[in-house]
Participant: 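Here it is, the structure, as C-alpha cells.
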Amino acid sequence: MAAIRLLKHKGHTDTIAGWARRLGMNPDTLHRRLFNGWTIERALSAPVRPRRELGRVKAKRGQVISPGSMIATMKRNSLAEQRELTRLLRQFSRDFAIIMQRSMGRGVVGNLPADASDRSLSVAQDMT
C-alpha cells in the first residue's frame with residue numbers, strides 16, 4: 001500500500017488529493033509537479049493550464065476544426081495514399097514480369113531445381 005503524503009502549506013495540512021480537490025486540479029498534476037522537483041509553494045500556487053475543449057482542435061490562426069471534418073480529411077489522405085501505393089505496386093508488378101520474362105529467355109530462371117518449394121518457381125513457369 002502506498003504511503004499517504006501530507007503537505008503543509010500556509011498553516012493547513014492535507015494530502016495531495018485533498019489539496020488538489022481544494023484547488024480544483026487533478027491530483028496527478030499536483031503529484032507530477034512535486035515529483036519533478038517543484039516546491040510545495042510553487043506546486044500549490046501555480047495556475048493550471050486549462051484543458052483543451054474535447055472534440056475540438058485548434059487549426060491555423062484560430063480556426064477550429066470539428067472532429068467530423070478532421071476525420072473526413074484523414075480519410076481523404078488515407079485514400080490518396082492507398083491509391084498511390086496501388087499504383088506503385090502495379091508498376092512494380094509490370095516491371096517484375098518484364099524482368100522475369102527477359103531472364104527466362106537467357107536461362108537464368110529456367111535452371112531452378114524441379115523440387116524447389118519456393119512459390120516463385122510456379123510463378124516463373126506460369127509466365128512461359
Participant: Could you measure the distance from the CE atom of M100 to the CD1 atom of I98? Nearest 0.5 Å is fine.
Facilitator: 13.0 Å
Participant: Just how far is it from atom OG1 of T29 to atom CZ of R32, taken to the nearest 0.5 Å?
Facilitator: 5.0 Å
Participant: Closest approach of A43 and L34, non-hydrogen atoms and distance?
Facilitator: CB-CD2, 3.8 Å
Participant: What's the spacing between N36 CG and H31 NE2 if we round to 0.5 Å?
Facilitator: 10.0 Å
Participant: Does atom CZ (R94) have a neighbourhood of more than 12 heavy atoms from anything else shown, all under 6.0 Å?
Facilitator: yes
Participant: When rounded to the nearest 0.5 angstrom, what distance separates CG in D14 from CG in L44?
Facilitator: 10.0 Å
Participant: Just wondering, more than 12 heavy atoms not from R22 lying within 6.0 Å of its CZ?
Facilitator: yes
Participant: Taking all atoms of both residues into account, what is the closest heavy-atom pair of I16 and P27, and its distance?
Facilitator: CG2-O, 3.8 Å
Participant: Measure the shortest side-chain to side-chain distance between T13 and L7 over non-hydrogen atoms and say whether it is less than 4.5 angstrom.
Facilitator: no
Participant: Considering only heavy atoms from C-beta outward, does the side chain of V48 approach that of R33 to under 4.5 Å?
Facilitator: yes
Participant: Would you give the length of the straight line joining atom CG of L89 to atom CD of E84, rounded to the nearest 0.5 angstrom?
Facilitator: 10.0 Å
Participant: Quick one about N77 and E81 (side-chain donor to acceptor, distance below 3.5 Å, no hydrogens or angles considered), yes or no?
Facilitator: no
Participant: If you take all heavy atoms of W38 and A46, which pair is closest and at what distance?
Facilitator: CZ3-CB, 3.7 Å
